[in-house]
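What's counted below: heavy atoms across the whole structure, side chains too, no hydrogens, waters or symmetry copies.
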Number of protein chains: 2
Amino acid sequence: MVGIKDVAKLAGVSVSTVSNVLNNKKNVSDETREKIIKICKELSYQPNAAGKSLKSGKNDTILFNFSDFDRSFYLKIINGISDYVNNNDFDLIICTDKSCEKYMNNSLTGGSIILDKKMQDDTLIRIASENYPIVVLDRIMNNPYIKSVVVNNYDPMFEMIQGVIDRGYRSFGFVGGPEETADNKERYRAFRDALEVNHIQFLQKSYFAGNYREKSGYNAAKILMLSRELPDCLVCANDNMAIGAMKAFQENGIRVPEDIAVTGFDNCDLAEAMGLTTVSIPNYERGYIAARYLIENIRGQRNVETFKISAKIIFRSSVGIKK
Amino acid sequence: MVGIKDVAKLAGVSVSTVSNVLNNKKNVSDETREKIIKICKELSYQPNAAGKSLKSGKNDTILFNFSDFDRSFYLKIINGISDYVNNNDFDLIICTDKSCEKYMNNSLTGGSIILDKKMQDDTLIRIASENYPIVVLDRIMNNPYIKSVVVNNYDPMFEMIQGVIDRGYRSFGFVGGPEETADNKERYRAFRDALEVNHIQFLQKSYFAGNYREKSGYNAAKILMLSRELPDCLVCANDNMAIGAMKAFQENGIRVPEDIAVTGFDNCDLAEAMGLTTVSIPNYERGYIAARYLIENIRGQRNVETFKISAKIIFRSSVGIKK
DNA sequence: TTGTATGCGTTATCAC
DNA sequence: GTGATAACGCATACAA
């Protein structure tokens, strides 16, 4: 591996001079500078990031952490992060595992964006500091070095359900996501509130516990179909589960929306193709904004107020007009 | 940031003793060992990866490089890589940019899996070495330190087209991907060969140049519809473009497959929902296998023979039976 | 069984 | 304008 020493030797100068050139210091003659730059190119010298950050403690790399590979919109979040990061001369590394804790210190990365729920609050609180800010997605934390970027789940879910009720639907089933997650709680609460405002009763037996995966929506629909009477509409806490449910209905000759309407949440790629009524979350923007706040915080412009992103309701053919 | 020194001080021992404990050396008394482990937990000490790898030169982290966020099956590849890596006590970091060159040396990562076409052959040849093996996906390279893992595009494409011809389709259009990519070339070649074997002529005006993105398939279909007569079947070099084409046909009241059949390649999530006939690439397995070979090579079990993964043809409703 | 000294590749300080 | 040197956090050889 070619190091700064090799460059120095070939140029007939000291390592400090090479370092000065590479870091754009003023105190180098143009002649020396050019010679060194030329040699670096010839050797295709790449500064060793380990040595660099070990010494300087400063860092132009941020970390993104996620781990759920079933949710394809995560790529859009990454895209948003990547774009902002590149436009601001930072680098991005992504970790898919809890081991990323190893990289969460300011000699390797300058800050993190955390999406993975497996990364626990107290771990983040321990790691976050004045010179290691963190941005968390989809969870709200109160800490002077941690900023939350969350989607406003409540308002669009409430409005979507109100829209469904306005279209004549009167009885509902609900397929929930992981019960401990904040977004699932918020979506369910909005659903219940919308029903209550409209004086519609909701029975606990109409609640199905899922895990945001397609299979769990499929299973919920299977169970639902065992009951004597279907609700007018099955509300699912995300698209994956809604799609699973639609597949189950299809397999059993139950028509959507004639026999039962279905709604989701996320507006994933499949939602459009399947005509699923859902809430569209601006994922690219979510990543972009998270990266912006993180880098601003790294640069000392501290701001840890929770940021709420608004989402958009999309009515498609999975909800019709109930006569 | 808590370092090895802090642990040593609190334990009343030297840093080397702490280091010995952390690296499971034998020469430490049980008493000392336990005390140190306890203190590490209390301080939630995380070894600094920069210092560590700088010294040891050895590394249990691998790098994955990609950058096309439109292709959602990349998440499946990552999933496969991630699973193999975790099962073998390695870590994974992912880079989405050319800047990842910075991390491609054995003081930061032990090897790389490269998918991004922007990472050029000569760069890889320069970087790869005895102690920095590389695995490339979707391109074939001959280098003692670089292993290629590629999908066999030819056979399934040939067979799929033969199947389409067997179903009575006789005239064809083709939407190609980026012309320089090996997989696109191979898919096109298989397509042409299948036609030739069946004595079917192909006119250059029926070739549309795309870029693997949905929009380019959409545009190709738009242009195709301007011509007086549609071919029996439009073959697309990947699913994204096929889906774009199907949307264009749908918007213009042209029925698939009655008016025109469509085929893709990839079996992305949407393909099933849209009834697209396509070739299914086992992406999870692809990532898993790439990671396996990389780690085996890192461990000295050298093997750089090109590995070909086979794919599976899936006939769906976008191809019917032509009378 | 434990501690001391050295060096990995880099940057920062300071003397020249 | 340039170079010698210390320091970053850690692992290792070797001395104690």
Side-chain angles (χ1 to χ4, degrees), chain A residues 1-37 39-40 43-61 101-110 131-132, chain B residues 1-37 39-40 43-61 101-110 131-132:
Chain A
M1 223 184 55
V2 33
I4 199 171
K5 272 186 203 162
D6 305 293
V7 177
K9 198 173 292 174
L10 217 71
V13 298
S14 71
V15 290
S16 341
T17 304
V18 178
S19 176
N20 284 333
V21 170
L22 295 173
N23 294 284
N24 288 314
K25 305 283 187 214
K26 294 287 164 204
N27 55 350
V28 184
S29 70
D30 286 350
E31 194 189 356
T32 316
R33 179 182 303 276
E34 276 165 28
K35 183 164 64 172
I36 290 175
I37 289 174
I39 291 176
C40 285
L43 299 181
S44 36
Y45 163 72
Q46 285 287 126
N48 181 310
K52 197 164 169 163
S53 61
L54 189 55
K55 179 58 191 160
S56 67
K58 267 300 145 226
N59 210 292
D60 289 349
T61 302
E101 243 182 273
K102 206 164 74 175
Y103 305 102
M104 294 177 70
N105 67 65
N106 65 7
S107 87
L108 281 168
T109 56
N131 45 35
Y132 199 86
Chain B
M1 222 185 52
V2 33
I4 199 170
K5 271 187 205 162
D6 304 293
V7 178
K9 197 174 291 173
L10 217 70
V13 298
S14 71
V15 291
S16 35
T17 304
V18 178
S19 176
N20 285 331
V21 171
L22 295 173
N23 293 284
N24 286 314
K25 304 287 186 212
K26 295 286 163 203
N27 55 351
V28 183
S29 70
D30 286 352
E31 194 190 356
T32 315
R33 180 181 301 275
E34 276 167 29
K35 183 163 64 173
I36 289 174
I37 288 174
I39 290 176
C40 285
L43 299 181
S44 36
Y45 163 73
Q46 287 286 126
N48 180 310
K52 195 163 171 163
S53 60
L54 191 54
K55 178 61 190 156
S56 66
K58 268 299 145 226
N59 209 292
D60 290 349
T61 301
E101 240 183 277
K102 206 164 73 175
Y103 305 101
M104 293 177 70
N105 68 64
N106 65 8
S107 85
L108 281 167
T109 55
N131 45 36
Y132 199 85

Tell me, please, which residues at least two apart from A/Ile4 pass side-chain contact (heavy atoms from CB on, under 4.5 Å).
A/Val15, A/Val18, A/Ser19, A/Leu22, A/Tyr45

Side-chain contact, heavy-atom cut-off 4.5 Å: B/Tyr103 with B/Thr61?
no

Restricting to side-chain hydrogen bond (donor to acceptor under 3.5 Å, both in side chains), what partner residues turn up for B/Tyr132, sequence neighbours left out?
B/Thr109, B/Ser112

Taking any heavy-atom pair under 4.0 Å as a contact, classify A/Ser53: base, sugar-phosphate, or nothing.
nothing

Within this structure, what is the CG-CG distance for the pair A/Leu54 and B/Leu54, rounded to the nearest 0.5 Å?
5.5 Å

What's the CG-C1' distance between A/Asn105 and D/dG9, to the nearest Å?
10 Å

Whole-Å distance, A/Glu34 CD to D/dG1 P, equals 14 Å

Does the protein touch nucleotides 11-16 of chain C at the base, only the backbone, or not at all? Give it as B, S and - per nucleotide, heavy atoms under 4.0 Å.
BB----

Identify, with sequence neighbours excluded, every residue that meets side-chain hydrogen bond (donor to acceptor under 3.5 Å, both in side chains) alongside A/Asp6.
none

Go through the structure and list residues passing side-chain contact (heavy atoms from CB on, under 4.5 Å) with A/Ser44, not counting sequence neighbours.
B/Arg126

Respond yes when some side-chain nitrogen or oxygen of B/Thr17 is under 4.0 Å from OP1 or OP2 of C/dG3, and no when none is.
yes

Taking atom C1' of D/dG3 as reference, at what distance in whole Å does atom CD1 of A/Ile36 sit?
12 Å

Quick one: A/Leu54 CG to D/dA6 C1', roughly how many Å, whole number?
13 Å

With sequence neighbours left out, what residues match B/Lys25 under side-chain contact (heavy atoms from CB on, under 4.5 Å)?
B/Asn20, B/Asn23, B/Asn27

Could you write out DNA chain D as dot-bracket? Rules: Watson-Crick or G-U wobble, both distances under 3.5 Å, brackets [ ] for crossings, | for pairs with another strand, dot for unpaired.
||||||||||||||||

Nearest to the side chain of A/Val13, which nucleotide is it out of D/dG3, D/dG9, C/dT2?
D/dG3

With B/Ser14 via side-chain hydrogen bond (donor to acceptor under 3.5 Å, both in side chains) - residues at least two apart
B/Ser16, B/Thr17

Rounded to whole angstroms, how far apart are CD on B/Glu31 and P on C/dT1?
12 Å

Where the side chain of A/Asn48 is defined as all heavy atoms beyond and including C-beta, which of C/dG9, D/dC10, C/dG3 is the nearest nucleotide?
C/dG9

Residue pair B/Val21, B/Ile37: steps toward the side-chain contact (heavy atoms from CB on, under 4.5 Å) verdict:
CA-CA 8 Å; B/Val21 171; B/Ile37 288 174; 3.9 Å; yes

B/Leu108 CG to C/dG9 C1': how many Å, rounded?
11 Å

